[in-house]
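One structure below.
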Number of protein chains: 2
Amino acid sequence: MNSNITIYDVAREAAVSMATVSRVVNGNPNVKPSTRKKVQDAIDQLGYRPNAVARGLASKKTTTVGVIVPDISNIFFADLARGIEDVATMYKYNIILCNSDQNPEKEIHLLNTLLGKQVDGIIFMGGRLHEDLVREFKTSPVPIVLAATLNQDYDLPAVNIDYESAAHDAVKSLIDNGHKRIGFITGPLEQQINGEKKFAGYRSALEEANLPFDEQNVVLGNYTYDSGMKAMNQLLELGDACPRAIFAGTDEMALGVIHALQDAGHQVPEDFEVIGHDNTRLATMIRPKLTTVVQPMYDIGAVSMRLLTKILNKEEIETNDVTLPHRIEQRDSTRS
Amino acid sequence: MNSNITIYDVAREAAVSMATVSRVVNGNPNVKPSTRKKVQDAIDQLGYRPNAVARGLASKKTTTVGVIVPDISNIFFADLARGIEDVATMYKYNIILCNSDQNPEKEIHLLNTLLGKQVDGIIFMGGRLHEDLVREFKTSPVPIVLAATLNQDYDLPAVNIDYESAAHDAVKSLIDNGHKRIGFITGPLEQQINGEKKFAGYRSALEEANLPFDEQNVVLGNYTYDSGMKAMNQLLELGDACPRAIFAGTDEMALGVIHALQDAGHQVPEDFEVIGHDNTRLATMIRPKLTTVVQPMYDIGAVSMRLLTKILNKEEIETNDVTLPHRIEQRDSTRS
DNA sequence: TTAGCGAATGAAAACGTTTTACAATGAGGG
DNA sequence: CCCTCATTGTAAAACGTTTTCATTCGCTAA
């Protein structure tokens, strides 16, 4: 029952003042080795465990950071969270994890809850930055970094990949395989990442190859497997005009695409080529294995957290806006 | 910049004492409506946000619970976490999430960190309860509930399904389809859940049908896709003696099994039947769709958290050891 | 010796709440 | 009209640390 044992009990046991105990606990060098030992023994004997809440109140640091993600049960965000947590652990931070479901009100509410809990910093991921949210971000008393979240109109610290160029590369690889019509199955266009970045990459690859843009080749999904299937089936209805190469905005949609194709009796990659986005674990759990754009979520999480620690430690920072490299992982859903 | 605004500032602004402000903030009914409004106005105007750390110190409650899981990036645990978080939110708690990687030392360390942070309770999930850990659990100053974690030798609050009977049902369904030899691809046997529960279910189903137990039909995996493939390939080497019906300990291994089979030119479910365990989202993202035992991780998380709140509120509790129902979801990897 | 100095220690004041113990005010009953 | 009892508000003591500032101690150098 080592609860209710305070620094004061330890001080009494070791016959020193609480200030000295505090010094020992915090590794302050100004303590005579013999005293240090005496205190340490008292700590061990009593099973003293410092109260982080009291510590937080006195020091105004909680060694806790808030993490807001859309939905931790999604493998994609879970990977991000793991990257964040690993680096947090490395720097002795804990994380308070919150799910926003991309709901703007909930996002603001969570932000305020976290600030109330006096977190030392926050890592945020969301699809669209509502302006009310940005306003709160700007007045936040603690630093906030954006992970895999677009930020072009503001200047908040952020970690991303270059989505436009990634999409460009993906589509180009399809074009290089001789396709003239490329299907694009995307998430909601309101989200900058889709509506501006990936879409722009898609179009620029087309233009570069002097291929016409045809609206009927782009179909909306909502990131899920089912929406991928549905989108592909819609494309299939185009008959002869149906594109034979598909770029899907997420791996999960890409799986849906492949299965829709297979269910319709087509062969991937012989009849249709498919390329996904994200390189989640799913990509290797399908036959054919999925060629995909790798968006390194774990790394984005890790780098975000590292960036946050740099800000917290007031370390020198080259740039607030980090762009991580991307690449295409060639597997079997495309012809090499 | 609504930081550094304290309850005292609000009190001054509203011309009342800080205790009155505290009453308003905490919804204490003993405040005259006119006063309440005056205080509320001051709060709004100043943008006052109560400091949860100070509150925690004074009240000895942090409205925060610790969650220890093996690895949040695994879809299985992520689902659990989501269930926990949803119910936590419902009861105004936040969660501090930690990954243990099933490392016994890390588990103990995390437990101590969380206790240091004065969490109001803890939800723990792990594969094997090391006795040192259990000792710490027993002396914990706050309640701990086990989620999807076996607990038979101790009497800690826990939420599980009946793994033995679930495995029994799965194997029986295979036997009912006429199979005499049933393969069992399992996770590490040191973990009670495998070595005792699921394994016992497997054997009892065999016995019940007067089928012989043959050791070469059970193969060890480590929960992953790759280990599932490998295990199936090992079984395949048995040639004619290879079981034509497989019960895999996790969905991910089941996917590996199916792909190993398909890669070897076999048809599922025509030549081989496969049944998985957990019913993760993966199950529907494979062809054929996976028949699987549903272990409702989200529900287990939600119920665990609910149980914890009951303990925290000192509500009446029927039983500490909750067993949730399981069932088999029939899909296409088995013949109906 | 002793003045002077740095290192080691201690005392006490924050930190921002909740909570307790009272005091003041107001209303109702005799 | 006074007394009592609610009701509402106030003051101050926790809560368990960190941190600042002062003090003491033990040496070194003069």
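None of the values given here were measured: they were computed from a predicted structure. Order of the sequence lines fixes the chain letters, A, B, ..., with proteins taken first and strands second; residue numbering starts at 1 for each chain. All heavy atoms count here, side chains included; hydrogens, waters and symmetry mates do not.
- Here V53(A) lies out of heavy-atom contact (under 4.0 Å) with every strand.
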What side-chain donor-acceptor pairs closer than 3.5 Å can you find for residues 75-89 of chain B, not counting sequence neighbours?
from: R82(B); atom 1: NE; to: D71(A); atom 2: OD1; distance (Å): 2.9
from: R82(B); atom 1: NH1; to: D86(B); atom 2: OD1; distance (Å): 2.5
from: R82(B); atom 1: NH1; to: D86(B); atom 2: OD2; distance (Å): 3.4
from: R82(B); atom 1: NH2; to: D101(A); atom 2: OD1; distance (Å): 2.2
from: R82(B); atom 1: NH2; to: D101(A); atom 2: OD2; distance (Å): 3.1
from: D86(B); atom 1: OD2; to: Y298(B); atom 2: OH; distance (Å): 2.5
from: T89(B); atom 1: OG1; to: E85(B); atom 2: O; distance (Å): 2.9

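- No hydrogens or angles considered: a donor-acceptor pair under 3.5 Å links the side chains of R55(A) and N26(A).
- Checking A19(A) against K60(B), the closest nucleotide of DNA chain D that is more toward the 5' end is the one next to K60(B).
- For DNA chain D, the contact window with chain A, defined by any atom under 4.0 Å from a protein heavy atom, covers dG16(D) to dT19(D) in 5' to 3' order.
- Residues that satisfy the side chain to side chain contact (heavy atoms under 4.5 Å, CB included) test with K38(A), not counting sequence neighbours, are V16(A).
- The bend of the helix from dT1(C)-dA30(D) to dG30(C)-dC1(D), defined by the angle between the axes of its first five and last five pairs, stands at 50° to the nearest 10°.
- Within 4.0 Å of S59(A), counting heavy atoms only, lie sugar-phosphate atoms of the nucleic acid but no base atom.
- Take K37(B) and apply the salt bridge (Lys or Arg N to Asp or Glu O under 4.0 Å) test, not counting sequence neighbours, and it matches D41(B).
- Base contact: S17(B) has a heavy atom under 4.0 Å from a base atom.
- With sequence neighbours excluded, the residues satisfying side chain to side chain contact (heavy atoms under 4.5 Å, CB included) with P296(B) are I161(B), V294(B), D299(B).
- For the salt bridge (Lys or Arg N to Asp or Glu O under 4.0 Å) test, no residue two or more places apart in sequence or in another chain qualifies with K61(B).
- Shown here are the ring pair (Phe, Tyr, Trp, His ring centres under 6.0 Å) partners of F124(B), two or more places apart in sequence or in another chain: F137(B).
- Residues that satisfy the salt bridge (Lys or Arg N to Asp or Glu O under 4.0 Å) test with E316(A), not counting sequence neighbours, are absent from this structure.
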Using a 3.5 Å cut-off and no angle test, enumerate the donor-acceptor pairs between side-chain atoms of residues 125-135 of chain A and protein atoms at least two apart in sequence or in another chain.
from: H130(A); atom 1: ND1; to: D132(A); atom 2: N; distance (Å): 3.1
from: D132(A); atom 1: OD1; to: R135(A); atom 2: NH2; distance (Å): 3.4

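- K60(B) is linked by a salt bridge (Lys or Arg N to Asp or Glu O under 4.0 Å) to nothing, counting only residues two or more places apart in sequence or in another chain.
- Listed by residue number, the members of residues 30-39 of chain A with any heavy atom below 4.0 angstrom from DNA chain C are N30(A), V31(A), K32(A), T35(A).
- The residue among A15(B) and A54(B) whose nearest nucleotide of DNA chain D is located toward the 5' end is A15(B).
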